[in-house]
Amino acid sequence: SIFRLPFGTIVSVPTSSATATKIFRLYDMEGNSDCRLVRERITELDLCVDVVIPAGRRSRALTDRSYEYYIGDASGISVIPSMMVSEEDGVVRNFVGSEDILEYLSSKFGPRNPIVDSNDDEIKK
């Protein structure tokens, strides 16, 4: 939506840890505001995601246990967005829910930069 501009359109200065961390799976659902926040932050950090798996209510990722990217637990319940990351040391970590994912991205790459400079004299008028 245009109301969310400029989030997800501006890329931050890359950090050295950005190249060492690899996001290899992101389970995403279009039209979901939590998923959108995660996509915007990943875009802002200019991170590469190997595979983005659409995970709508009836998608194979949630319903088909034989599917390569199935994420349902024993009860078949899962949370979207979800993200799998391979750290520098090769450890794979799973993050579930936008709060968990955004907290990880902020701790790893720093807080989100302000879009508007609060010291700008034009804004203070």
Side-chain angles (χ1 to χ4, degrees):
S1 159
I2 196 163
F3 295 112
R4 294 282 307 152
L5 286 176
F7 295 106
T9 61
I10 299 170
V11 176
S12 300
V13 177
T15 63
S16 60
S17 59
T19 57
T21 300
K22 179 181 179 183
I23 301 173
F24 63 94
R25 286 188 190 166
L26 176 65
Y27 293 87
D28 182 65
M29 183 171 25
E30 277 299 318
N32 181 300
S33 60
D34 290 338
C35 292
R36 182 181 187 118
L37 292 173
V38 170
R39 288 191 313 266
E40 288 173 353
R41 184 68 172 134
I42 289 171
T43 300
E44 178 184 321
L45 294 169
D46 199 23
L47 299 175
C48 182
V49 178
D50 286 350
V51 181
V52 177
I53 299 111
R57 287 190 189 123
R58 296 185 187 134
S59 71
R60 291 180 66 194
L62 300 176
T63 60
D64 185 355
R65 292 182 186 276
S66 65
Y67 185 51
E68 175 182 10
Y69 300 115
Y70 176 73
I71 59 166
D73 60 13
S75 64
I77 299 171
S78 55
V79 177
I80 303 299
S82 294
M83 181 174 77
M84 296 176 74
V85 173
S86 177
E87 297 283 357
E88 298 87 7
D89 56 5
V91 174
V92 174
R93 298 181 64 194
N94 295 314
F95 300 94
V96 179
S98 62
E99 287 182 22
D100 194 25
I101 294 170
L102 294 172
E103 183 179 306
Y104 166 76
L105 293 174
S106 290
S107 68
K108 184 77 175 174
F109 304 106
R112 180 174 238 165
N113 294 330
I115 299 300
V116 178
D117 184 2
S118 60
N119 295 320
D120 191 343
D121 291 333
E122 287 296 314
I123 295 171
K124 294 179 181 178
K125 290 182 183 179

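- How far CG of Asp28 is from CD1 of Ile53: 9.5 Å, rounded to the nearest 0.5 Å.
- Contact record, Leu62 with Gly56: CD1-O, 3.2 Å, taken as the closest heavy-atom pair.
- Looking at heavy atoms from C-beta onward, Glu40 lies in side-chain contact with Arg36 at the 4.5 angstrom threshold.
- Scanning all heavy atoms of the two residues, the minimum distance from Cys35 to Met29 falls at SG-N, 3.4 Å.
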Identify every side-chain donor-acceptor pair in residues 94-102 under 3.5 Å, counting partners at least two apart or on other chains, and give the distances.
| unit_1 | atom_1 | unit_2 | atom_2 | d |
| --- | --- | --- | --- | --- |
| Asp100 | OD2 | Val96 | N | 3.2 |

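- Using a 4.5 Å cut-off on side-chain heavy atoms (C-beta onward), Arg39 and Ile42 make no contact.
- Sorted by first and then second residue, the ring pair (Phe, Tyr, Trp, His ring centres under 6.0 Å) pairs with a member in residues 36-67 read Tyr67-Tyr69; sequence neighbours excluded.
- Salt bridge status for Glu68 with Arg25: absent, with no side-chain N to carboxylate O gap under 4.0 Å.
- Pairing each heavy atom of Thr63 with each of Arg57, the nearest pair is CG2-O, 4.1 Å.
- The two atoms that bring Met83 and Tyr104 nearest to each other are CE-CD2, 3.9 Å, heavy atoms only.
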Next on the checklist: Between Arg41 and Ser106, is the side-chain contact (heavy atoms from CB on, under 4.5 Å) condition met? List the steps.
Outcome noted: CA-CA 9 Å; Arg41 184 68 172 134; Ser106 290; 4.2 Å; yes
Checklist entry - For Val92 and Met84, what are the C-alpha separation, side-chain angles and deciding distance, and is it a side-chain contact (heavy atoms from CB on, under 4.5 Å)? => result CA-CA 7 Å; Val92 174; Met84 296 176 74; 4.2 Å; yes
